[in-house]
Amino acid sequence: MDEDLYDEFGNLIGDPQDSDAESVDYVFEREDSDGQQSDAEVKDADSRETGQQLIVHEEKRLYPTMSETFGEGVETVVHMSDTQSIAEPLVKPKETKVFKIEDKKLPKTSYTKEYLLNVLEVPSKVRNVSLVGSLNSGKTSFLDMLILETHQLKISKKTRNYKKLRYTDNTKLEIERGVTIKSSPMSLLLQNLKDNSTAFNLIDTPGHVDFADEVAIAQRLTDISVVVVDVVEGLTIGAKRAIDNALMENIELAFIINKIDRLVLELKLPPLDAFHKIRNDIDEINTYLIGNKLYESYQHQCTISPDINNVLFASADFNFCFNLRSFAKLYSERLDVDFDIDAFAKRLWGNIYYDESRNKFTTKGEKRSFIHFILEPIYKIVTQVISQPPEELKKTMYKSFGITLSKDLLKSDPQVLLREMFRLIFGNSRGFVDVIETYSSPEKHSKNDLYTGSSPDIKAAIAKSSSDGPLIAHISKMIDPTVGVGRVFSGTLKKGDHIKVLGENYNDDDEDLQTLTVQELFIPGGRYKVPVEEVPSGAIFLLGGIDSISKTGTIYGSTVPEPLSIFKPVNHLNKSVFKVVIEPQIPTDLPKMLDGLRKINKSYCGVEIKVEESGEHVVFGSGELYLDSLMYDLRNVSDINIKISDPITKFSETVVDSSFTKVTIRSQNEQNSITIIAEPLEEDLARDLETGKLQTSQPRINKTLRDVYGWDSLAARSLWSFGPDSSTPNALLDDTLTDEVDKPMLTQMKDAIVQGFQWAVREGPLTDEPIRGVKFKIIDAKFSKDLMQRGNGQIIPMVRRACYSAMLTSTPKLMEPVYNFEIVSTANMIRVIEALLDKRRGAVLKGSPIAATQLYKIHGFVPVIDCAGLETDIRVATQGQALVSLYFEKWAVVPGDPLDKDVFIPKLKPAPVQGLARDFVMKTRKRKGLSGEPSLAKYIDKELVDQLKELGLLV
């Protein structure tokens, strides 16, 4: 081959007319601006022989033109150079979403942070206080008043004048909705009437009943609960539940009658009527306290009165608060007269009158001293600020109080002017400090009843609460995945200390124990954290770097000797009976969702997360708002889209009669057998077990069962187990006779039998839901003498089937949770509310008007499964004139027989009342992927089934 015929790239060169060379014509297509070829090119292409044309691959039109894509007449622009700014990165970094507002710089305060820490080291000058109460009672606003008094915050004029500060609402969701969702601690230094400083560890709590678990956590850490009561609405359900928990936990109570301004500006009551309204609220509180069933075991002052100095009057919106002593002090300062403040304060409340003509206090008269000295001046201030011209108001305020008002303030809105006027007249919150100082300091509050162990040294250290003792602290909540809030009960927690952290499920092993070094230690400040080197006993702190705690935790110093025990888990007050099923919208995002659920499980104390056998992830909460807030955080934490099912509820299973026959169940190898019968557990016993009033580990429980619950001596001695936990009260008894059963062998198999019992009551035979309120009795048992034939693998499943058989022969029933409700509304909307409740199987049980108002308060019940969207429906129907509070009250038996196959269940329509149990059972089983339907034949032999059918005992 001649090399001259080819170039260096191997291409053929030479004469195109040569017979040895290929004659190839290349056609190059060019498009005009509109994407079409020019006429010259078309003619040139047509003039060539089509058989000799070859279009190269690179010139083929693989994509439509712009005109074909966007249509005719659409302007298209093609950039030939980069138009992106050089400051904008080509690959954008991952954005870190902020869900919590924090002040990076510590705000200026009227005291130094060092002085606050020094005061915290003096236990007698420290008070741990939780602010509790109902929704919209003014807890957060009251704390804002204290913050504005002690902090120099950079806030906008709108926020300062009109918009509420809500400094402790530091999550994005709380700020958007204007409602407190999570408790927030804050340490402040406040002054009393003698200008002496006291350190306050305050915790602001939510008022919505769905977040009662946050209230329980705050009361666990504090010694004093200040109940904030709206003077117009009186004592409502949120405050009542907080009071109940305080009585149970033996926490001291103080009360704030808040929103005094509403009596003047909203209700427009005369001073005498306003006094009777205030006294009516105080009487209502006293009636509830004295009539409470926990009253007898409460160890502190259980009646309230302003002259006892445990009641404070306030208007958080107008920035003033006072007690009788602070008001007496105000008169002494304004009049520049030195007199006995205590003697004067005692004459400002009760049936004491003031005779102005003789300038004397009397027991009979026309005008009470509280009206003359307190209410009338407040009314006069409000009247003058609203009605007087600016110049006259300026002269009046200077003459009466020595206050100089600026021109800008005089021209401002009356609401702003009133707020500033009351602040200037009443000064700071010395009345609040004067009330709380009369209560005990942390060193005098023994919290050793929270300790579950038996070590006398640790109990003594907790009772003494000395900073020099061994380190013992309690983490009651995780506010972030790695940051927990807690309290030191003994010793001093220092940065750099080696500590032992015990999780909530610690049980004498190392599975739930973590040893770490303290690296992040703070004093809480609402939206900021004060880093500290050490925290003394009695103080509330934030500890970072602890990721092993799920709900609560116990901290010990490295030198505290074993054995170690945890603090009691928090009683969350609410039951998580409302649930939804969730899954990621994109299946590959499942790991992200699981990680988000782990974080949510830490920050929401009352949430329960369960994975069903079908693979469904179920989230349990106390109500709609609770789950809605949880889902909001989950979406943002995991940063994925999540699909949520319609809200449903948790069920339970029970029996209403004793077993009608004895059924003997054999093990799989047929070498062991057991006979168990079932009967209902006493209602009061089940209730006390569920509420924690009766502890299964308490000493002499057999005597308690005999004396309190009416058990006979034999049954009390035969108790083997309650359980499996406090939320599902059941009992297992050994009711066998010595001459019929090998007692030593039965005792040897006790652990395996108890495990089978607990497995059975966790997942019942009807819907795979927990069993509650059932007493299981072992009446016969036989076991193989061969140890290999009576192992746990044979005994535990056998006992489970025996419990199921006993239950199915005892008239099984399905139970559903029931909400109680409290609705505050106008009287003309009651019928509208009753109509909505009738459609949801609810009912109004009682109602009463609220004194001195046009409001009406009603109470009743509604099943949880029927209450989805009820609060929204009521608000829409009443045009926002109703405030609804739904809270779990009890478990109720669902009407109908869950085993009745003859019940007709219509499709796409509500089931009849007597078919509800069957309807709920079959739909729940279908949703969970459970095959078939519940039947006794699944757990017993076919021969026994035939015998029972012949006897007419089984259909």
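We count residues from 1, following the sequence as given.
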Are a donor atom and an acceptor atom from the side chains of Gln219 and Ser130 found within less than 3.5 Å of each other? no
Polar contact flag, side-chain donor to acceptor under 3.5 angstrom, Asp169-Ser184: no
Step-by-step side-chain contact (heavy atoms from CB on, under 4.5 Å) determination, Ile823 to Ile874: CA-CA 10 Å; Ile823 302 176; Ile874 291 178; 3.8 Å; yes
Closest heavy-atom contact between Lys139 and Thr205? CE-O, 3.0 Å
What I want to check is whether the side chains of Thr140 and Thr180 have a donor and an acceptor closer together than 3.5 Å. yes
List the atom of Phe757, the atom of Cys803, and the distance in Å for their closest heavy-atom pair. CA-SG, 4.2 Å
Closest approach of Pro765 to Pro934 (non-hydrogen atoms, all atoms of both residues): O-CB, 3.5 Å
Is there side-chain contact between Trp891 and Lys650, with at least one heavy-atom pair below 4.5 Å? yes
Does a side chain donor of either Lys172 or Asn636 reach within less than 3.5 Å of an acceptor in the other side chain? no
Just by distance, no angles: are the side chains of Thr236 and Glu233 close enough, under 3.5 Å, to form a donor-acceptor pair? no
Examine distances only and state if a side-chain atom of Thr924 and a backbone atom of Val921 form a donor-acceptor pair shorter than 3.5 Å. no
Check whether Ser645 reaches the backbone of Val581 with its side chain - one donor and one acceptor, N or O, closer than 3.5 Å. yes
Residues two or more places apart in sequence or in another chain: which of them pass side-chain hydrogen bond (donor to acceptor under 3.5 Å, both in side chains) with Asp449? none
Apply salt bridge (charged side-chain N to carboxylate O under 4.0 Å, His left out) to residues Glu504 and Lys551 and explain how you reach the verdict. CA-CA 7 Å; Glu504 192 174 44; Lys551 299 289 187 182; over 6 Å; no
Quick check with a 6.0 Å cut-off and a 45 degree axis cone: is Lys575 positioned over the face of Phe620's six-membered ring? no
Walk me through whether Asn258 and Ser137 qualify under side-chain hydrogen bond (donor to acceptor under 3.5 Å, both in side chains). CA-CA 7 Å; Asn258 195 24; Ser137 59; over 6 Å; no
Between the side chains of Thr168 and Asp204, is a donor N or O closer than 3.5 angstrom to an acceptor N or O? yes
Would you say the side-chain atoms of Asp244 and Asn292 include a donor-acceptor pair closer than 3.5 Å? yes
Kindly indicate, with the supporting measurements, whether the criterion side-chain contact (heavy atoms from CB on, under 4.5 Å) is fulfilled by Leu930 and Asp768. CA-CA 8 Å; Leu930 303 177; Asp768 206 21; 3.8 Å; yes
Show me the pairs that pass side-chain hydrogen bond (donor to acceptor under 3.5 Å, both in side chains) and involve residues 206-216, at least two apart or across chains. Ser183-Glu214, Asp213-Tyr626, Glu214-Lys477
Test item: Glu174 side-chain N/O and Thr171 main-chain N/O as donor-acceptor pair under 3.5 Å: yes
Nearest heavy-atom contact between Pro863 and Arg840 is CD-O, 3.5 Å
Report the C-alpha separation of Tyr298 and Met248 in whole Å, then their side-chain angles, then the decisive distance to 0.1 Å, and conclude whether the side-chain contact (heavy atoms from CB on, under 4.5 Å) test is met. CA-CA 7 Å; Tyr298 190 58; Met248 183 181 297; over 6 Å; no
So which pairs with a foot in residues 910-924 pass salt bridge (Lys or Arg N to Asp or Glu O under 4.0 Å), sequence neighbours left out? Arg918-Glu933, Asp919-Lys923
Would you tell me whether Thr767 and Glu653 have side-chain atoms, one donor and one acceptor, within less than 3.5 Å of each other? yes
Gap between atom CD1 of Ile609 and atom CG of Leu597 - 0.5 Å precision: 4.5 Å
Do Arg241 and Asn574 get their side chains close enough for a donor-acceptor pair, meaning under 3.5 Å? yes
Shortest non-hydrogen pair, Thr552 vs Ser476, comes out as CG2-O, 3.5 Å
Would you find more than 12 non-hydrogen atoms of other residues, nucleotides or ligands less than 6.0 Å from Glu176 atom CD? yes
If you count every heavy atom of other residues, nucleotides or ligands that lies below 6.0 Å from Lys890 atom NZ, does the total exceed 12? no
